[in-house]
Amino acid sequence: MTSKKVIAVFGATGTQGGSVAKAILEGKKFTVRAITRNVTHPNALALQDLGAEVVKGDLNDEASVEAAVKGAYGAFLVTNFWEGNSKKKEVYQGKLVADVDKRLGLKHVVFSGLVNVKRLTNGKLEVEHFDGKGEVEEYFWSIGVPMTSIHVPAYFENFLTVWKPMKASDGDYYTLVLPMGDKPMHGMSVADVGAVVSSILNSPAEFLGKTVNLSAEALTIQQYADVLSKILGKEVRDAKITVEAYEKLGFPHAKELANMFRFY
Ligand code: NAP
């Protein structure tokens, strides 16, 4: 009996990496090595129950990344900008994994990257949580790691959390406060990212060396509001906020997100 090849999954206790780990386990072609700083995390234990090997690893610690990736055929990497809110930290972590993957000779890495908006716009617009991932993606290509990058659009799940409808102050309805004007915004369920990554890993000849832009649907904010109205049974409207007003809302990262909407 030949043993299955191993895919090392960073971020496996999180939303994207969790979706990836589950889909790979369901595919039964590969073994999943779930990497986490906390091997007793309930999501880590749930993955263990599903058949994953759970190992300790910290993206800020090269020796632990090397130990976590050693012997693997491939890897999935997502870095979390929002923990630390630092492009510098995100770039450090991404490049560290790229160097280790190169040194250990991994055969297929799927990296959850994004567009380097700063480079694309010649420095006119900066979206740090995009730019850092873009920089890491360029680094992966430059050192010759066999890689597929995926660009994940806005999670539909954001409408249940950070973008949930707000109660209007002047009537019996709710609003979505996202400054997209009349432009459609790409989205997908993050729960579907895993199936995509599993397909990519199953078809290296088709996907190695490529960037795959993901989107399930691109809807205007009013169209997203219509979907929510139908499901919630309460009226939801596009608040029609301008990007200038949005960035002055004063919540943490308002400017960073305003720039993301400018890019969208
Ligand atoms: P999440 O659910 O918060 O999960 C974060 C994961 O990162 C956890 O599994 C955590 O593992 C791991 N992690 C963080 N720091 C680590 C470290 N130092 N060492 C090892 N693991 C570490 O986040 P997510 O949504 O899956 O991914 C976040 C990323 O998605 C962000 O960078 C964001 O820009 C990107 N993104 C988000 C959207 C969206 O619409 N929300 C769309 C596209 C891209 P442990 O805590 O178990 O160690």
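Sequence positions, counted from 1, serve as the residue numbers for this chain. For the numbers below, each heavy atom of this structure counts, side chains included, while hydrogens, waters and symmetry mates do not. Ligands are counted one by one from 1 in listed order, and the atoms in each one are counted from 1 as well.
- In this structure, the side chain of Y73 does not engage the main chain of F30 through any donor-acceptor pair within 3.5 Å.
- Looking at atom 44 (C) of ligand 1, its nearest protein heavy atom turns out to be Q16 NE2, 3.7 Å.
- The atoms of ligand 1 that sit less than 4.0 Å from any heavy atom of E90 are 32 (O).
- Nearest heavy atom pair, residue A195 against residue A23, reads N-CB, 3.6 Å.
- Those atoms of ligand 1 that come under 4.0 Å of a heavy atom in N60, given as number and element, are 18 (N).
- Although no hydrogens or angles enter the test, the distance criterion places a donor-acceptor pair under 3.5 Å between the side chain of T148 and the main chain of F207.
- The residue among Y155, F81, F130 with a heavy atom at the shortest distance from atom 27 (O) of ligand 1 is Y155.
- With a heavy-atom cut-off of 4.0 Å, P153 touches ligand 1 through its backbone alone.
- Formation of a donor-acceptor pair under 3.5 Å by the K164 side chain with backbone atoms of F159 is not found in this model.
- Put simply, the residue from T79, N80, D58, N60 that forms a side-chain hydrogen bond (donor to acceptor under 3.5 Å, both in side chains) with Q93 is N60.
- Residue contacts with ligand 1: R37 is placed with a nitrogen or oxygen under 3.5 Å of a nitrogen or oxygen of the ligand (distance criterion only).
- In this structure, the protein non-hydrogen atom closest to atom 3 (O) of ligand 1 is N80 ND2, 3.6 Å.
- With respect to atom 2 (O) of ligand 1, the closest heavy atom belonging to the protein is T15 OG1, 2.6 Å.
- Checking only distances, T79 does come within under 3.5 Å of ligand 1, N or O to N or O.
- Those atoms of ligand 1 that come under 4.0 Å of a heavy atom in Q93, given as number and element, are 18 (N).
- Ligand 1 has an N or O atom lying under 3.5 Å from an N or O atom of G14, backbone or side chain.
- With respect to atom 18 (N) of ligand 1, the closest heavy atom belonging to the protein is D58 OD1, 3.0 Å.
- Numbered from 1 in the order shown, with element, the atoms of ligand 1 that lie under 4.0 Å from a heavy atom of A154 read 40 (O).
- Less than 4.0 angstrom separates some heavy atom of T13 from each of these atoms of ligand 1: 8 (C), 9 (O), 10 (C), 11 (O), 45 (P), 47 (O).
- Note: no N/O pair closer than 3.5 Å links V152 and ligand 1 by distance alone.
- Contact between I35 and G57 at its shortest, heavy atoms only, is CG2-CA, 3.7 Å.
- Within ligand 1, counting atoms from 1 as listed, the ones closer than 4.0 Å to a heavy atom of G11 are 6 (C), 7 (O), 9 (O), 12 (C).
- A distance-only check finds no donor-acceptor pair linking the side chain of S198 to the backbone of G194 [under 3.5 Å].
- Ion pairing between K87 and E126 fails under the 4.0 Å rule for side-chain N and carboxylate O.
- Under the 3.5 Å distance criterion, the side-chain polar atoms of K133 are left unmatched by any main-chain donor or acceptor of D131.
- Considering backbone and side-chain N/O of G17, none are found under 3.5 Å from N/O of ligand 1.
- Using a 30° and 60° split on the angle between ring planes, F261 and W163 fall in the tilted class, from 30° to 60°.
- Surrounding CG of D49 are more than 12 heavy atoms belonging to other residues, nucleotides or ligands, all under 6.0 Å away.
- Under the 4.5 Å side-chain contact rule for hydrophobic residues, V54 and V6 do not share a cluster.
- Of the polar atoms of H129, none of the N or O atoms is found under 3.5 Å from an N or O of ligand 1, judged by distance alone.
- For ligand 1, the atoms sitting less than 4.0 Å from at least one non-hydrogen atom of N158 are 39 (C), 40 (O), 41 (N), numbered in the order shown with element in parentheses.
- Using a 4.0 Å cut-off to heavy atoms of K133, the atoms of ligand 1 that qualify are 31 (C), 32 (O), 33 (C), 34 (O).
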Could you go through residues 248-257 and list every donor-acceptor pair under 3.5 Å that involves a side-chain atom there, pairing it with any protein atom two or more places apart or in another chain?
from: E256; atom 1: OE1; to: E128; atom 2: N; distance (Å): 3.1
from: E256; atom 1: OE2; to: E128; atom 2: N; distance (Å): 2.9
from: E256; atom 1: OE2; to: H129; atom 2: N; distance (Å): 2.7
from: E256; atom 1: OE2; to: H129; atom 2: ND1; distance (Å): 2.5

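- Screening residues 15-28 for side chain to side chain donor-acceptor pair (under 3.5 Å), with sequence neighbours left out, gives Q16-S112, Q16-Y155.
- At a heavy-atom cutoff of 4.0 Å, ligand 1 is contacted by no atom of F10, backbone or side chain.
- When hydrogens are left out, the protein atom nearest atom 21 (N) of ligand 1 is L59 CD1, 3.9 Å; that is the closest non-hydrogen contact.
- Residue-to-ligand polar distances keep L114 apart from ligand 1: every N/O pair is separated by 3.5 Å or more.
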